Amino acid sequence: MTIRHHLSDPLLMAYSAGQLPEAFSLVVATHVSLCDECRARLGSFDAVGGAVIEEIDEISMGEEALQAALARIDGLPQATRAEPLKPAGIFPAPLADYVGGDLASVRWQRIGGGVKQAILPTGRDASARLLYIPAGTAVPDHGHRGMELTLVLQGAFADDDVRFGRGDIEIADENLEHTPVALAGEDCICLAATDAPLRFRGILPRLAQPLFRI
Ligand code: ZN
Ligand code: ZN
């Protein structure tokens with residue numbers, strides 16, 4: 001499995017800081033369990049966040065203290081995380097825990113054109129659902145007024161000639177109008193999370209402002 005589309009640094013930072021709505025945390029945890037690259041980046045954010053918080057606790061952050069904190073961060077070993085368990089089915093462990101099993105445990109609801117969805121129980125600030133899209137079928141209009149994360153679990157879809165396969169993440173916001181189409185061959189199953197726009201947009205810029213433009 002080659003993952004080509006990853007989580008952004010702001011999302012990993014927000015996850016590391018425990019700031020994401022539950023639905024987004026589920027998508028991030030599921031991708032990270034499949035993706036060595038994002039797991040390593042998350043490890044760095046966890047280490048930096050922990051070191052900075054420790055330092056702030058001890059002393060006020062003068063210039064010398066800041067330099068000392070940064071020097072210590074440089075010297076930190078890369079945080080390691082337990083290797084993910086290899087799941088028997090298509091759901092990585094964080095998702096399987098959530099659903100209470102693999103595909104057979106999902107209670108699908110038909111939404112037309114052969115497409116099915118299953119809404120997962122999460123906090124109300126964002127929602128998560130599984131989508132089942134028959135091969136060759138366009139993803140129905142799923143309303144994106146805020147941010148949307150889509151993680152492919154089985155099959156693949158194409159969006160504007162870009163291919164997303166198992167493990168890939170598509171990050172979309174309200175400015176993106178798109179019509180993803182499940183590719184021929186295998187039915188596509190995705191985990192998607194969408195938010196109530198104002199809340200989520202408030203969190204990311206605050207966290208990521210010094211480092212990233214979003
Ligand atoms: Zn990744
Ligand atoms: Zn979308």
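Please read all numbers here as calculations on a predicted model, not as lab measurements. Order of listing sets the numbers, starting from 1, for every ligand and every atom in it.
Within H31, the N, O or S atom at minimum distance from the Zn ion (ligand 1) carries the name NE2. Residue E148 approaches the Zn ion (ligand 2) most closely through its N/O/S atom OE1.
When distances to the Zn ion (ligand 1) are checked against a cut-off of 2.8 Å, C35 contributes an N, O or S atom below that limit. Among the atoms of E170, no N, O or S atom falls under 2.8 Å of the Zn ion (ligand 2).
Here the rule is side chain to side chain contact (heavy atoms under 4.5 Å, CB included) with P180, and of I133, V152, L131, D159 only D159 fits it.
The minimum heavy-atom distance linking R163 with A156 is given by the pair NH2-CB, 3.5 Å. In terms of heavy atoms, A135 sits closest to G185 at CB-N, 3.7 Å.
The CZ atom of R4 lies 12.5 Å from the SG atom of C35; values are rounded to the nearest 0.5 Å. Going from atom CZ of F157 over to atom OG1 of T179 covers 11.5 Å, rounded to the nearest 0.5 Å.
Rounding to 10 degrees, one finds that the Zn ion (ligand 1) sits at the corner of an angle of 110° between H6 ND1 and C38 SG.
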